[in-house]
There are 2 protein chains.
Amino acid sequence: MESYHNHCCSQNHEKGCNHQDRCISIVPIFNHLEDEQMDEILNVVRSVTYKKGEFIYRQGESSDSLYIIHSGKVRIYRLSESGKEQVLRILNPGDFTGELALFKEGTHETYAEAMVDSSICLINRDDLQQFLMKYPSISLHILSEFSNRLEQTEKQTARFATEKVETRIALFFADCMDKESKSNAIELPMSRKDLASYLGTTPETLSRKITELEKDGYIKQRSNKIIEIIDLDELLLV
Amino acid sequence: MESYHNHCCSQNHEKGCNHQDRCISIVPIFNHLEDEQMDEILNVVRSVTYKKGEFIYRQGESSDSLYIIHSGKVRIYRLSESGKEQVLRILNPGDFTGELALFKEGTHETYAEAMVDSSICLINRDDLQQFLMKYPSISLHILSEFSNRLEQTEKQTARFATEKVETRIALFFADCMDKESKSNAIELPMSRKDLASYLGTTPETLSRKITELEKDGYIKQRSNKIIEIIDLDELLLV
DNA sequence: CTATTGAATTGATTTATATCAATTTTTTTG
DNA sequence: CAAAAAAATTGATATAAATCAATTCAATAG
């Protein structure tokens, strides 16, 4: 069993967002708005900081806010029916979460845990819905974001269903390359344990497969987090 | 390799929607609207029929419409990177698809194939976006629908990642029971071959596991499509 | 209604990956 | 910086599920 620390949240630093601290201006779903509209939203946004290991929300809790990552890193995971943990995604600044419980009735199906000290912006459910009715273009941006997520998740599902672990690892590396195409090296966005969970395998198997890929000359482990991709095309044929 | 028939579509019966044929009135994302607004939308909706085996769209095609199932049954599937087919979902009357390519740039990532003769309503991309800007509540309904789908897909991903085939089958049966709780029997919504694909396994393994569940007294196969659930609670502990 | 085709089942075998256990390496903390 | 804890690796083994092949069963067309 994992041991995620459940710190007390009472000492969280909570304050209204001020204009220097434009937490929402980095968010794709809002940053297209006029300054005036942005200010209006900023008035109802609260900012909360979470220490490493603290939970933004837990599975089963009811939801009333949209959470936007201002700084830090958040792990979203769920516990499956049989109680095993599965990492769904890692949120970085500009990403948001909590929307599932916002637009439908029901409770959170996932856990959101701060991986490092993180600053999160909150928008209340009612406030958000009012803005969506007032500024319909925000909805279109959220719909676009949802579409991307849905597609991403469906792709991941198909990979689990049809590809073997080695291929899933290769495809994950390829995805990372797309995002940071600057160099031919990628930085793993999470620990091996989390990556194993994300890829639907075990740390042991992940370790072995990575070693194997290195032996076959497709990749090179520069450090624990940095992996150099030597031959992406060949890697994808694995 | 599968052999999905690629009929010629030229003989499709295409017509504007009239008011007797309120294809969109059965759709959760529209049926909350005033009659007046509904009429307005009906004016831009087209209706197209597809014969069994025909494709509504294919992976890689660009998209410009939202497709709403009026009658019939549609299979959505994708081909994974290695070329294997994975059934993602089966659409029934009232369900819609095509939205992914509608709200983001890019092409379809999936195939939509009529499993039986089906009547589909189309709404053009630009028309839809205009309505969303004019009647923001529609967006909220689509967002709600997206949320459900996203949650469903993430749940499925987690099941692939953490549960063995036998458990996935049991959970699928349980989901079916939720939907048709009237009796203690369920009707499989697709062929065994498709179900195997949907559950990320092979027809052979599916067949064996179902036989096993029957031997152990959890279920009883009434016919090929009808399965009686004898002990759901025990089934879920498998 | 029978013949043909495709779907589903059953059997034998192989393969990928999980599991259990023991080290080694890395990170954290006092 | 040293000690402790956690993470990652490596090895040996067990197991679930895929694959290949053969039959049986069900659906469809002539």
Side-chain angles (χ1 to χ4, degrees), chain A residues 1-5 7 51-53 75 80 82-87 115-117 159-170 187-215 219-227 238, chain B residues 1-5 51-53 75 80 82-87 115-117 159-170 188-215 219-227 238:
Chain A
M1 190 55 205
E2 316 299 327
S3 69
Y4 296 111
H5 324 297
H7 299 288
K51 294 230 182 310
K52 178 179 175 177
R75 165 172 50 196
S80 70
S82 65
K84 276 182 220 142
E85 175 186 315
Q86 168 45 176
V87 173
M115 298 171 75
V116 297
D117 293 1
R159 285 181 183 177
F160 280 138
T162 61
E163 314 287 6
K164 51 188 187 179
V165 170
E166 204 168 18
T167 309
R168 300 206 295 268
I169 296 171
E187 185 181 351
L188 298 182
M190 52 188 128
S191 70
R192 304 264 162 141
K193 203 172 130 199
D194 281 345
L195 185 56
S197 167
Y198 179 78
L199 294 175
T201 183
T202 59
E204 292 96 324
T205 298
L206 179 64
S207 177
R208 278 185 254 268
K209 296 295 181 185
I210 288 182
T211 305
E212 215 175 294
L213 291 173
E214 188 165 20
K215 268 190 192 128
I219 62 168
K220 182 136 183 47
Q221 301 192 61
R222 287 258 159 270
S223 75
N224 223 324
K225 290 259 165 279
I226 308 289
I227 289 183
V238 162
Chain B
M1 190 56 205
E2 316 299 326
S3 71
Y4 295 111
H5 324 297
K51 293 229 182 311
K52 178 179 175 177
R75 166 173 48 197
S80 72
S82 66
K84 275 181 219 143
E85 175 185 317
Q86 190 315 254
V87 174
M115 297 170 75
V116 297
D117 292 1
R159 285 181 183 177
F160 281 138
T162 62
E163 313 288 6
K164 51 189 188 179
V165 170
E166 203 168 18
T167 309
R168 300 206 294 268
I169 296 170
L188 298 181
M190 52 188 129
S191 69
R192 304 263 163 143
K193 204 171 132 199
D194 281 345
L195 184 57
S197 167
Y198 179 78
L199 293 175
T201 184
T202 59
E204 293 96 324
T205 298
L206 179 63
S207 177
R208 278 186 253 269
K209 296 296 180 184
I210 288 182
T211 305
E212 215 175 294
L213 290 174
E214 187 166 22
K215 269 192 192 126
I219 62 169
K220 181 134 184 48
Q221 300 192 62
R222 288 258 160 268
S223 75
N224 223 325
K225 290 258 166 280
I226 308 289
I227 290 183
V238 163

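Naming convention: chains lettered A, B, ... in sequence-line order (proteins, then strands); numbering from 1 in each chain.
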Would you call [X] and [Y] a side-chain contact if the rule is heavy atoms closer than 4.5 Å?
X: A:Glu214; Y: A:Lys220; value: yes
X: B:Thr201; Y: B:Lys209; value: no
X: B:Ser82; Y: A:Glu163; value: yes
X: B:Glu212; Y: B:Glu166; value: yes

Grab the [atom1]-[atom2] distance between [X] and [N] for me, whole Å please.
X: A:Lys193; N: D:dT9; atom1: NZ; atom2: P; value: 14 Å
X: A:Glu204; N: D:dA14; atom1: CD; atom2: P; value: 17 Å
X: B:Leu206; N: D:dA18; atom1: CG; atom2: P; value: 10 Å
X: A:Ile227; N: D:dA8; atom1: CD1; atom2: P; value: 12 Å
X: A:Phe160; N: D:dA17; atom1: CZ; atom2: P; value: 15 Å
X: A:Ile210; N: C:dT17; atom1: CD1; atom2: P; value: 14 Å
X: B:Ile169; N: D:dA16; atom1: CD1; atom2: P; value: 14 Å
X: A:Lys225; N: C:dT27; atom1: NZ; atom2: P; value: 8 Å

Any side-chain N or O of B:Ser191 less than 4.0 Å from the OP1 or OP2 oxygen of C:dA7?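 The answer is no; no side-chain N or O of B:Ser191 sits under 4.0 Å from OP1 or OP2.
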OP1 or OP2 of D:dT9 under 4.0 Å from side-chain N/O of A:Thr211: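 So the side-chain polar atoms of A:Thr211 never come under 4.0 Å of the phosphate oxygens OP1 or OP2 of D:dT9.
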Could you verify whether a donor N or O on one side chain and an acceptor N or O on the other, from A:Glu85 and A:Ser197, lie under 3.5 Å apart?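 A:Glu85 vs A:Ser197: no donor-acceptor pair found between side chains.
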Among [options], which nucleotide sits nearest the side chain of [X]?
X: A:Arg192; options: C:dT19, D:dA17, D:dA8; value: D:dA8
X: A:Thr205; options: C:dA18, D:dC20, D:dA17; value: C:dA18
X: A:Pro203; options: D:dT19, D:dT9, C:dA8; value: D:dT9
X: B:Lys52; options: D:dA17, C:dT17, D:dT28; value: D:dT28
X: A:Asn224; options: C:dT9, D:dA7, C:dT26; value: C:dT26
X: A:Lys164; options: C:dA16, D:dA17, D:dA18; value: C:dA16

Any base atoms under 4.0 Å from A:Lys209, or only sugar-phosphate, or nothing? Heavy atoms, all strands.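 Sugar-phosphate: the residue A:Lys209, judged by heavy atoms under 4.0 Å, touches backbone atoms but no base.
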Pick base, sugar-phosphate or nothing for B:Gln221, based on heavy-atom distances below 4.0 Å to the nucleic acid. sugar-phosphate
5′-ward residue of the pair A:Arg208/B:Ser207 relative to DNA chain C: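 Nearest-nucleotide comparison on DNA chain C picks B:Ser207.
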